[in-house]
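Just below is one structure, and these are the notes that go with it.
The chains referred to below are lettered A, B, ... by the order of the sequence lines, with proteins before strands, and numbering in each begins at 1.
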6 protein chains.
Amino acid sequence: MPTVQVTRRESFNAAHRLHNPKKSDEWNRATFGKCNSPNYHGHNYVLEVTVEGTPDPDTGYVIDLAYLKQLMHEHVIDRVDHRNLNTDVTFLQGILPSTENFAVAIWQELAPRIEGGRLVKVRLQETEKNSVEYYGA
Amino acid sequence: MPTVQVTRRESFNAAHRLHNPKKSDEWNRATFGKCNSPNYHGHNYVLEVTVEGTPDPDTGYVIDLAYLKQLMHEHVIDRVDHRNLNTDVTFLQGILPSTENFAVAIWQELAPRIEGGRLVKVRLQETEKNSVEYYGA
Amino acid sequence: MPTVQVTRRESFNAAHRLHNPKKSDEWNRATFGKCNSPNYHGHNYVLEVTVEGTPDPDTGYVIDLAYLKQLMHEHVIDRVDHRNLNTDVTFLQGILPSTENFAVAIWQELAPRIEGGRLVKVRLQETEKNSVEYYGA
Amino acid sequence: MPTVQVTRRESFNAAHRLHNPKKSDEWNRATFGKCNSPNYHGHNYVLEVTVEGTPDPDTGYVIDLAYLKQLMHEHVIDRVDHRNLNTDVTFLQGILPSTENFAVAIWQELAPRIEGGRLVKVRLQETEKNSVEYYGA
Amino acid sequence: MPTVQVTRRESFNAAHRLHNPKKSDEWNRATFGKCNSPNYHGHNYVLEVTVEGTPDPDTGYVIDLAYLKQLMHEHVIDRVDHRNLNTDVTFLQGILPSTENFAVAIWQELAPRIEGGRLVKVRLQETEKNSVEYYGA
Amino acid sequence: MPTVQVTRRESFNAAHRLHNPKKSDEWNRATFGKCNSPNYHGHNYVLEVTVEGTPDPDTGYVIDLAYLKQLMHEHVIDRVDHRNLNTDVTFLQGILPSTENFAVAIWQELAPRIEGGRLVKVRLQETEKNSVEYYGA
């Protein structure tokens with residue numbers, strides 16, 4: 001029985017700012033540069049979620065991608081799209097919204113909800129040039 | 001002598017919010033939906049600027065694209081990148097930062113500074129699905 | 001008052017076959033080659049619709065792109081997505097579904113329904129290499 | 001001696017329909033939704049094939065990508081391009097043409113024909129949003 | 001009878017160098033910067049050719065894109081692909097291979113060969129950020 | 001503590017030619033075909049560098065991507081951009097500039113300079129259709 005990985009790609013828009021409130025403003029400006037700009041900036045994030053499993057003999061699906069899309073929307077996208085990652089998102093409270101931390105937080109929201117297959121990768125693209133991948137470990 | 005159009009593509013990241021301060025909060029929510037989200041959201045904007053002219057016989061250039069890039073950075077990108085379009089940008093003060101209005105404002109910043117060729121198009125892409133084009137009239 | 005063009009990009013999937021029933025099978029095979037393959041092939045079509053107008057002073061919008069998206073779905077995409085263009089689509093009945101003819105037919109469905117701005121371009125991409133544009137004349 | 005992976009990307013167009021003939025029409029409609037549409041729909045598939053090996057000291061190649069392209073065309077693309085995956089493709093007979101099953105079937109066609117390097121990944125993209133990867137196990 | 005534009009996209013790879021032999025080396029270095037690098041550099045050029053006309057009632061085609069592809073290959077791509085634009089291409093002899101001049105030269109090769117429709121645009125992309133369009137006048 | 005991979009994408013333009021000077025011209029033409037064209041051809045290369053590590057608790061960064069970008073420019077891109085890979089690049093001297101060999105050479109330039117995280121992948125794309133990945137072993 002083959003093991004196959006299936007990936008769903010969705011996108012959303014959000015504002016954020018890199019700022020560590022435990023540190024001085026000076027440290028934040030020196031560390032984060034323009035990403036520390038006080039009134040926020042934003043991105044069109046691209047989120048790719050990969051689930052691994054054996055195709056079901058009746059459907060040929062590892063997981064119904066319409067269902068995976070629904071999970072991604074319900075647990076992640078509807079909570080972050082057109083929002084401010086520093087102030088509006090409960091699952092990011094107390095977390096500095098770097099792409100790295102954001103991807104790990106998305107994994108934690110999605111992993112327990114996926115049935116049938118198992119989550120193996122979250123890829124989060126912040127810009128055409130910057131992206132991160134998290135494999136859950 | 002042929003007339004050729006040359007285009008330079010640059011990108012930048014910014015936060016914004018669609019909100020008309022002359023209208024009620026209720027009107028704004030009804031009109032702009034999630035684009036009115038109070039704490040801003042953001043985009044990776046793609047800006048394409050097109051200049052038309054006759055290639056110079058000595059250089060083969062309508063305009064040196066390194067110079068056009070520099071103009072775009074000095075007069076637009078350095079002023080909007082990693083900023084909040086509602087609060088941080090002098091050339092957008094008093095302007096509702098829809099993609100349409102933003103493109104027209106960019107034209108007005110760039111048109112008087114371009115020499116040699118003439119500005120014929122500003123294309124501004126807000127997301128993979130939404131973009132505007134302004135031809136200066 | 002500036003005139004701005006706004007574009008919405010959507011995509012859909014459909015099967016089709018190029019076959020002119022008024023001509024012989026031999027003519028069809030010679031003319032259309034593999035595009036005449038009898039049991040259909042298909043594409044991920046990309047549809048870009050461009051509307052021109054003056055931004056509304058209150059909203060900054062030429063047309064609300066959420067509304068344009070809804071028009072595109074109601075009058076085009078919901079009727080062609082995951083369908084067979086030769087057999088399933090009422091607005092293509094009797095029309096050979098070349099990309100050219102399909103784009104003209106889409107224009108005719110959309111043009112009378114767009115209010116506020118006016119439709120100025122339908123771009124339909126059949127593959128990464130093949131696309132058509134129709135300007136309504 | 002370094003081990004390097006080389007990837008060739010090709011594309012093709014095909015029609016298909018998700019329908020399990022062992023199940024009722026009602027089950028098929030409920031399970032596959034619009035992907036069960038009776039007269040087929042279609043996609044521009046993107047196929048990426050990855051081969052791993054040690055670069056040859058004389059050529060610097062793991063595998064000549066012109067040769068890999070030829071293998072992909074002879075054994076896969078020429079048999080599926082502009083075809084119907086449910087009815088026209090011998091190596092898919094009796095197989096429900098989900099992207100998962102299709103990718104596994106492509107692996108089985110290609111793996112025994114690749115010499116020099118070894119096949120390590122087949123990636124098959126059905127739409128901009130849906131793709132699968134198969135690693136051969 | 002509608003007028004439709006159809007576009008074919010092809011790509012090729014070539015080396016070139018911006019250097020005006022009528023000028024001093026110093027002038028060339030100052031004018032062209034790294035594009036004047038003596039041993040050449042190169043690009044994956046993308047060529048888009050647009051032909052306008054009325055769809056044929058029997059075929060639905062403005063021009064058979066397989067035929068347009070063949071024209072593009074015979075008259076342009078086969079002569080420039082994997083070549084040096086400064087030394088290897090007869091239709092560029094004596095022409096400084098800026099993207100502007102190259103696009104105009106491509107127009108001159110193609111325009112007299114296209115039958116049925118008429119050539120309305122040559123778009124030549126040198127990099128993801130730099131492109132030119134020539135409309136034949 | 002999660003382990004996350006971060007990737008930076010940069011691009012550059014270069015000329016090259018596949019030619020093994022230890023072999024006859026005939027062997028080179030037969031082996032490399034048009035890639036052996038004597039006066040060079042060229043590409044817009046895309047370089048993606050992936051670094052793995054634990055996000056820093058204070059910054060949320062595995063590695064500051066602005067710093068990774070700087071390393072990529074200083075040690076790779078500034079030495080190959082707008083150059084000839086066969087003649088101009090010290091770290092490629094004596095190396096046949098296939099994409100495979102080039103990716104391995106880039107790894108060797110970058111791996112010892114990356115601090116904090118560790119280099120886990122170099123992906124080098126030569127064209128839209130051809131790419132290689134090297135994982136350092």
Enter the distance from A/R118:CZ to A/T50:OG1 here, rounded to the nearest 0.5 Å. 12.0 Å

Of all the residues in residues 59-96 of chain A, which have a heavy atom that comes within less than 4.5 Å of a heavy atom in chain B? A/D81, A/H82, A/R83, A/N84, A/T87, A/D88

Please output the residues of residues 102-109 of chain A in contact with chain B, using a heavy-atom cutoff of under 4.5 Å, in numerical order. none

Rounded distance (nearest 0.5 Å) linking atom CD of A/E52 with atom OG1 of A/T3: 5.5 Å

What residues of residues 4-28 of chain A sit under 4.5 Å from chain B when you count only heavy atoms? A/R9, A/N13, A/A14, A/A15

Residues of residues 124-137 of chain A with any heavy atom under 4.5 Å of a heavy atom in chain B: A/E126, A/T127, A/E128

